Amino acid sequence: MIRERVRAIVAAAVAKVLPDQAQAEFQVEPPRQAEHGDFAVNAALVFAKIAKTNPRTLAQQIVDQLEDPDHLIEKVEIAGPGFLNIRLRKGVWHRALQVVWKERDGFGRSDAGQGKRTMVEFVSANPTGPMHVGHGRGAVIGDVVANLLEWAGYQVAREFYINDAGGQVWRLAHAVLARATELRPGVAPVALDAEDYQGEYIKEVAQAWLEAGGDPAQPFATIREPLRAFATRWVLQNLIQPDLEMFGIRFDKFFSEKTLHDENRLEAAIRLLDDKGVTAMEILPPPKGQERDPHDDEFVEKPLKVVKTTRFGDDRDRPLFKTTGEPTYFAADIAYHFDKISRGYLRLINVWGADHGGYVSRMKAAVQAMGGELEIILFQLVNLMKDGQPFKMSKRAANYVTLRELLETAGADATRVFFLLRRGDMALDFDLGLAQKRDNTNPVFYVQYGHARCAAILRKAREEKGLEARWDAEVMEALQLPEEIDLIKRVLLLPELIAHAAAALEPHKVVFYLQETIAQFHGYYTKYKKTERVISDDPRKTAARLYLVWAVKQTLANGLRVLGVSAPDRMDAPEDAAEADEVA
RNA sequence: GGGCCCAUAGCUCAGUUGGAUAGAGCGUCGGACUACGAAUCCGAAGGCCGCAGGUUCGAAUCCUGCUGGGCCCGCCA
């Protein structure tokens, strides 16, 4: 990478001026202002204090020691408080653009991750009902983070944790039984409890269960286990997996919580924590500022086995077992994460909604105690809006907007981009009216159109002139317009942009990069469409520009692939954009 | 009472991890197609980067304290 070569040149000079500081960090960055050259280096500012001189003098000393055997540098200036503004020869940029031709669909990849085995766990929606828009945000963030890590050289597995054990799934089973008795005349009715799931889909589950031979005349206690198994599997297969498929999201594994209990896996994980000395028997205090309620029989004053998560910065120690003796959800989650570690995943990443914020420190503490490394992406919640007004929804109530409705009205591409248009730690207002609009206020069309426009130019060159874009080092110096050099620089930014977004676990950066890149291309295209066209009578310029357009197209395609968004070669009329989404 | 997140143009948001004159989209106003796609582009107007201190060559960015908003807070999942 060019930036690294420039850094090496400066670092060598710094080492001569200040032999002791050779390993210290300084920045080599593209400056905001074009007049400041190709790279701004702040080495003199960073080292001035150590060198006990003023930055500008030090900058001059560094410049005096610069050696540039490959003749990359055209000009170096000392500017402002002591920046080195470095301008490279244009030929350096021309030659560098060959990398796109060499790497093609792989352009943008790097090996920063060095194949480190990494697991991204995301969605993990409870198998008790349809997914809502909040799950959609987590799904897109998780999927694109996983893509980013793959592109940055990690070996990535995607996993979905199925919470198919515990109290909520009994609520689901009971609700299904209640609805089944309604559907089967003559069977003694079982009433739907207030805490049971109320949604219409429960009737579908009940119908399917009856068709599969379920017998609603049996008492709940005797059939609840097979009913639980049936209902959670049905929800997963009919409500959750189809949505993920529409979204284009695949998981390497769906991991069942139930199997952890069935196979006694909690025990081994807890024993490990015992060995590490981070468990204890404790009577847990009530939360700060609250009195113990003597009438509340749910919280018996009785010692419980806990993980001493306070040692890792948690507010309080967390129980592994309830007073009833049953394991907590936390205990099962520990077993699950122990399993991940045992399978050799050195880096664990979980994608959670902000409503799980209180769970972060305890889970990190537990994983750390087991010798693992856990990072959690907490994304802020999605506020549903309709016509500018908050649109309240509740999971138990029958009416709420599902992810599927959203995918069906807005399409997978637009939904993905919409969710990635903000940083994850910003709350997101999702306007249902806006999601259904299919005009240029929707940014996905902008980027896809840019890709299609590049494709159109290449198509025209092929059909009317018989010309194919290809790398030819001899003609590249025909690219002399400042906008052309800027476009080359922008294209070459993709690998570091992806590596940077992966390191920060911030997928939205890719969206902004693509928007800026295509805007730059549109500007170039429009400015010169009457004077310096891509396809002209000058064979050298035409060949060089066709390659540049091809490289921009490849860059956009690769960026879109990371986002999981299609890159169409032609756009249909705006009214028919819905169909265009399906073309991958 | 405590913890996490947020506050930047009229609105929605970026801001390269501390750099030089803070950017984009939408909206407003004014322009640009007889040739590669006008789903586009160019220009103008619009800012106390929530407030007050601090750290240093240098702060939207880091630290402290406020103000306002979101989420969470006993063994649910």
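Chain A is the first sequence line, chain B the second, and so forth, proteins listed ahead of strands; every chain is numbered from 1. Everything numeric in this text was worked out from a predicted model, so none of it was measured. Atom set for the values below is all heavy atoms of this structure, side chains included, hydrogens, waters and symmetry mates excluded.
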When A:Tyr528 and A:Tyr359 are each assigned the nearest nucleotide of RNA chain B, the 5'-most assignment goes to A:Tyr528
So, does A:Arg423 get its side chain near the phosphate of B:G15, meaning an N or O under 4.0 Å from OP1 or OP2? yes
Separation of A:Lys530 atom NZ from B:A38 atom C1', in whole Å? 12 Å
If you measure from the P atom in B:G2 to the same atom in B:G65, how many Å do you get, rounded? 11 Å
Whole angstrom value for the distance that separates P of B:C75 from CD of A:Glu301: 14 Å
If the P atom of B:A60 is compared with that of B:A7, how far apart are they to the nearest Å? 15 Å
Give a yes/no on whether any side-chain N or O of A:His508 is located under 4.0 angstrom from OP1 or OP2 of B:U16. no
d(CG, A:Leu84; C1', B:G19) in whole Å: 13 Å
Kindly label the base of B:C72 as syn or anti, based on whether its glycosidic torsion lies within 90° of 0. anti
Roughly how many Å apart are B:U61 and B:C49, using the C1' atom of each and rounding to a whole number? 10 Å
Tell me whether the ring of A:Phe512 lies stacked over the B:A14 base, given a 5.5 Å limit on centroids and a 30° limit on the plane angle. no
Measure CG/A:Asp193 against P/B:C76 and give the value in whole Å, please. 20 Å
Test A:Phe419 against A:Phe430 for ring-ring contact (aromatic ring centres under 6.0 Å, His included), laying out the working first. CA-CA 9 Å; A:Phe419 279 132; A:Phe430 198 109; 5.5 Å; yes
Run A:Tyr197 and A:His174 through ring-ring contact (aromatic ring centres under 6.0 Å, His included) and show every step you take. CA-CA 9 Å; A:Tyr197 290 88; A:His174 190 263; over 10 Å; no
Is the ring of A:Phe83 stacked on the base of B:A20, with centres less than 5.5 Å apart and planes under 30° off? yes
P spacing across the pair B:C13 / B:G54, given as an integer number of angstrom: 33 Å
Show your working on ring-ring contact (aromatic ring centres under 6.0 Å, His included) between A:Tyr161 and A:Tyr336 and close with a plain yes or no. CA-CA 9 Å; A:Tyr161 184 51; A:Tyr336 176 41; 4.2 Å; yes
Phosphate-side-chain proximity, A:Tyr525 and B:C42, N/O vs OP1/OP2 below 4.0 Å: no
Result for 5'-nearest mapping on RNA chain B, choosing between A:Ala519 and A:Arg3, is A:Arg3
In this structure, how many angstroms lie between the C1' atom of B:A24 and the NZ atom of A:Lys509, rounded? 15 Å
Looking only at atom P, what distance separates B:G68 and B:U21, rounded to whole Å? 35 Å
In whole angstroms, how far is the C1' atom of B:C76 from the NE2 atom of A:His356? 11 Å
Taking the same atom, P, in B:C36 and in B:G31, what whole-Å distance lies between them? 24 Å
Would you please classify the geometry between the A:Tyr525 ring and the A:Phe521 ring as parallel, tilted or perpendicular, with 30° and 60° separating the classes? tilted
With C1' as the reference atom in both, quote the distance from B:G30 to B:G46 in angstrom, rounded to an integer. 15 Å
Taking any heavy-atom pair under 4.0 Å as a contact, classify A:Ala427: base, sugar-phosphate, or nothing. sugar-phosphate
Considering just the side-chain nitrogens and oxygens of A:Arg32, establish if one lies under 4.0 Å of OP1 or OP2 belonging to B:G19. no
Nucleotide B:G15, atom C1' - distance to NE2 of A:His500 in whole Å: 10 Å
Whole-Å gap separating C1' (B:G74) and CG (A:Asp315): 12 Å
Look at A:Lys529 and B:C42 and indicate whether a side-chain polar atom (N or O) is within less than 4.0 Å of OP1 or OP2. no
Would a line drawn from the ring center of A:Phe160 to the ring center of A:Phe255 be shorter than 6.0 Å? no
C1'-based separation of B:C26 from B:G70 [nearest Å]: 24 Å
